[in-house]
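Note that this is a predicted model, so its numbers are computed, not measured. For the numbers below, each heavy atom of this structure counts, side chains included, while hydrogens, waters and symmetry mates do not. For this chain, numbers begin at 1 and follow the sequence in order.
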Amino acid sequence: MKRPFVTLDQLRSMTEQYPTPFHLYDEKGIRENARRLKQAFAWNPGFKEYFAVKATPNPAILKILREEGCGADCSSLTELMMSDRSGFTGPEIMFSSNDTPAEDFKLAAQLGATINLDDFTHIDFLKETIGYIPETISCRFNPGGTFTIGESTEGFQVMDTPGDSKYGFTREQLFAGFKKLKAMGAKRFGIHAFLASNTLSNEYYPTLAGILFQLAVELEQETGCDICFINLSGGVGIPYKPDQPANDIAAIGEGVRQQFEKILVPAGMGDVAIYTELGRFMLGPNGCLVTKVLHFKHTYKEYVGVDACAANLMRPAMYGAYHHITVMGKEDAPCDHKYDVTGGLCENNDKFAVDRMLPEVEIGDLLVIHDSGAHGFSMGYNYNGKLRSAEVLLQEDGSTRLIRRAETPEDYFATLIFD
Ligand SMILES: *Cc1c(COP(=O)(O)O)cnc(C)c1O
C-alpha cells in the first residue's frame, strides 16, 4: 500500500498558501535516500552520485543533494548554468550530452566539468570547439544488440535494446577513441553506459558493472589508458505500482562490489572510482503532484476532472505510465468506484488514470498523484496555453517553502512578438 509523505491536514494548510496544482517534494525522504545510496557504495572510496539534473531541475533540490555529497549530471547548456548557480564546481559536474552544440561544450569546459563524449566524431569536434582535449575525459559505451536480465515469467524482467538507441560508441570506436584521446593529451579516462531505464531488479547495476569492468580491463590492457572511473549512469527504478517490490540499494551496492572484487581487483584496478547518475531513484518517490477535483462527469464512463493536466505530469499521457493516486482523507476507504481521472487538455490521452478503482471522489477533494518527483515537473510543457505549476518543498521541520513560483500569463506571453 502506498502512503503519501504528507497528511490531509498539512495539505489543507498548504493549499491556503499555494493554489493547486503544485509539485511537492519531501526533503527528509530525499536526504535519507541519498544517504542509503552513499552507504551502499561506501566500500568504494571514490564513489560519487551525479544527480541527473533533467529529472528535477530545481536549485533547492540540487543544493540538498550537494549537501549529501552528490554532484550534478548535466546534458544541456541551461542545466550546466543551473548547476553552476546552485554551487557545483569543476569535477562536481558531469556533462553527459548527445548531439551536442558547440556552446554547450564551451561552457562545460569553462566550468571544469568532466565531459562524457557520446560519439567518436565528438573527439575532433571538442578539440576544434575548445582548442584542447581535457586531461580527464569519459566516453559513453553502447554494446548494441539487446540487453536482458531474468525471465519474463518472473514479471521483473529487464529488457532493453541498446542496438536501437542513439547513444554511445561501439566497442571498436571506444578502443580507437581511447587511443586517439591519449595521443591528444588525455590522461585520466572514464567509461559510461546506460543500458536500461526504470529497472526493478537488484541485478541491473551488478550486471552492467560486470560488463563495464570487463571492458575497462581490456581497454586499459590494450590502449594503456589509465581508467580512473566507471559511471554506471541512471536506470535504477522505482515501484510506481503498489504491488511492485522496491529495489534494495544495499543489495545493489553489494552486487556491484562483488563484480569489482572479481574483475577489477585481480587486474590491479582496485583504485577505480564508481560513479552513478541516478535521477528517478533519487527523487521519484520523494515528490508528488497535488491537485484538486474540479468536476465530476458521467457519460459512458465516470470522469473525475482535476485542476492538473498532462502539462504538469506527462508520463501517463506519453507512456501510459501508472501513477498511484490517493484521495486525501480517504486513505483507508474501500476503492469501490471506477474512474478516469482527467486533466483539461484538448487531448483524449490527458488522463492521469484510466478505469482506476478509488474511494468515492467528491468535488473539492485533494488528490495526491504519487512518484512525480523525477521526470515530472521537468517534462512539463505549455500545450493549450497551460501554465507550469509551482514547486513546493516540505522541509525537514515540517514547514514548507516555495522553490518555484507558478507561471503567470505574463510568463507565457513574454516570448511572443505582437505588433
Ligand atoms: C536521464 C539520464 C539519467 C537518469 O536516468 P534515471 O532513469 O532518472 O535514473 C542518467 N544519465 C543520463 C546520461 C541520462 O540521460
Side-chain angles (χ1 to χ4, degrees), residues 5 25-74 83 86-94 96 113-114 116 138 190-194 198-209 212-213 228-239 246-261 264-265 270-287 371 373-374 393-396:
F5 56 76
Y25 302 98
D26 177 21
E27 178 176 5
K28 187 162 174 279
I30 294 169
R31 289 190 188 276
E32 285 172 358
N33 196 45
R35 287 172 198 170
R36 275 194 295 272
L37 173 71
K38 208 171 157 186
Q39 187 55 41
F41 286 90
W43 55 267
N44 184 258
F47 174 76
K48 196 167 182 74
E49 150 72 2
Y50 290 84
F51 175 66
V53 173
K54 75 165 192 269
T56 323
N58 187 298
I61 302 293
L62 296 182
K63 280 179 186 162
I64 291 170
L65 290 168
R66 185 166 183 273
E67 284 169 12
E68 297 301 332
C70 300
D73 170 50
C74 302
S83 300
S86 303
F88 296 87
T89 57
E92 288 178 333
I93 305 174
M94 181 72 63
S96 296
T114 301
N116 181 31
S138 173
I191 50 176
H192 168 280
F194 192 156
N198 192 29
T199 58
L200 279 184
S201 160
N202 294 334
E203 293 309 309
Y204 171 62
Y205 253 12
T207 305
L208 170 64
L212 289 182
F213 293 171
C228 298
F229 58 91
I230 294 174
N231 185 339
L232 303 177
S233 188
V236 175
I238 59 167
N247 283 316
D248 177 351
I249 198 65
I252 290 174
E254 173 56 21
V256 174
R257 191 190 67 78
Q258 285 173 13
Q259 296 294 323
F260 192 94
E261 296 292 333
L264 288 181
V265 173
D271 56 352
V272 166
I274 303 300
Y275 295 162
T276 57
E277 263 176 12
L278 297 168
R280 195 187 314 270
F281 180 80
M282 302 304 285
L283 252 294
N286 297 312
D371 302 313
L393 181 67
L394 175 60
Q395 302 181 111
E396 283 188 294

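Summarising the geometry of Ala34 relative to Leu65, their closest heavy-atom pair is CB-CD2, 4.4 Å, with the distance given to 0.1 Å. When all heavy atoms of Ala55 and Gly279 are compared, the closest pair comes out as CB-CA, 3.9 Å. Contact record, Gly46 with Ala273: O-CB, 3.6 Å, taken as the closest heavy-atom pair. Nearest approach of Leu62 to Ser86, heavy atoms of both residues: CD1-OG, 3.8 Å. When every heavy atom of Leu278 is checked against every heavy atom of Gly235, the shortest pair comes out as CD2-N, 4.0 Å. Of all heavy-atom pairs spanning Leu208 and Ala193, the tightest one is CD2-O, 3.8 Å.
A search for side chain to side chain donor-acceptor pair (under 3.5 Å) contacts involving Asn247 returns nothing, not counting sequence neighbours. Applying the side chain to side chain donor-acceptor pair (under 3.5 Å) rule to Tyr205 yields no partners; only residues at least two apart in sequence or on another chain are considered. The side chain to side chain donor-acceptor pair (under 3.5 Å) check on Ser233 picks up His192, Glu277, with sequence neighbours excluded. Evaluation of the side chain to side chain donor-acceptor pair (under 3.5 Å) rule for Glu27 yields Arg31 as partners, not counting sequence neighbours.
Using modelled atom types, one side-chain atom of Asn44 and one backbone atom of Val272 make a donor-acceptor pair closer than 3.5 Å. Side-chain atoms of Asn198 come within 3.5 Å of backbone N or O of Ile238 as a donor-acceptor pair. Ser201 places a side-chain N or O within donor-acceptor distance of the main-chain N or O of Glu203, the cut-off being under 3.5 Å.
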### Message
Show, in sequence, the C-alpha distance, side-chain angles and deciding distance for Phe281 and Ile249, and conclude whether the side-chain contact (heavy atoms from CB on, under 4.5 Å) test is met.
### Response
CA-CA 10 Å; Phe281 180 80; Ile249 198 65; 3.8 Å; yes
### Task
Kindly indicate, with the supporting measurements, whether the criterion side-chain contact (heavy atoms from CB on, under 4.5 Å) is fulfilled by Ile64 and Phe51.
CA-CA 11 Å; Ile64 291 170; Phe51 175 66; over 6 Å; no
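Every pair passing salt bridge (charged side-chain N to carboxylate O under 4.0 Å, His left out) that includes a residue from residues 40-66 is listed here, sequence neighbours excluded: Arg66-Glu92. Annotation: salt bridge (charged side-chain N to carboxylate O under 4.0 Å, His left out) contacts involving residues 246-255, sequence neighbours excluded, comprise Glu254-Arg257.
By the 30° and 60° cut-offs, the orientation of the rings of Phe41 relative to Phe47 is parallel.
With contacts defined as side-chain heavy-atom distances shorter than 4.5 Å, the pair Tyr25/Thr56 qualifies. Looking at heavy atoms from C-beta onward, Ile230 lies out of side-chain contact with Phe260 at the 4.5 angstrom threshold. No side-chain heavy atom of Val265 sits less than 4.5 Å from a side-chain heavy atom of Phe213. Put simply, the side chain of Thr114 reaches to within 4.5 Å of the side chain of Phe229, judged on heavy atoms.
Interatomic distance, CG of Asp371 versus CG of Leu283, reported as 11.5 Å (0.5 Å rounding). In this structure, CZ on Phe88 lies 12.5 Å from CE on Met94, to the nearest 0.5 angstrom. Residue Leu37 holds its CG atom at 5.0 Å from OG1 of Thr276, rounded to the nearest 0.5 Å. Put simply, CG on Leu212 and CG on Leu232 are 6.5 Å apart, with the number rounded to the nearest 0.5 Å.
The number of heavy-atom neighbours closer than 6.0 Å to CD of Glu261, taken from other residues, nucleotides and ligands shown, is above 12.
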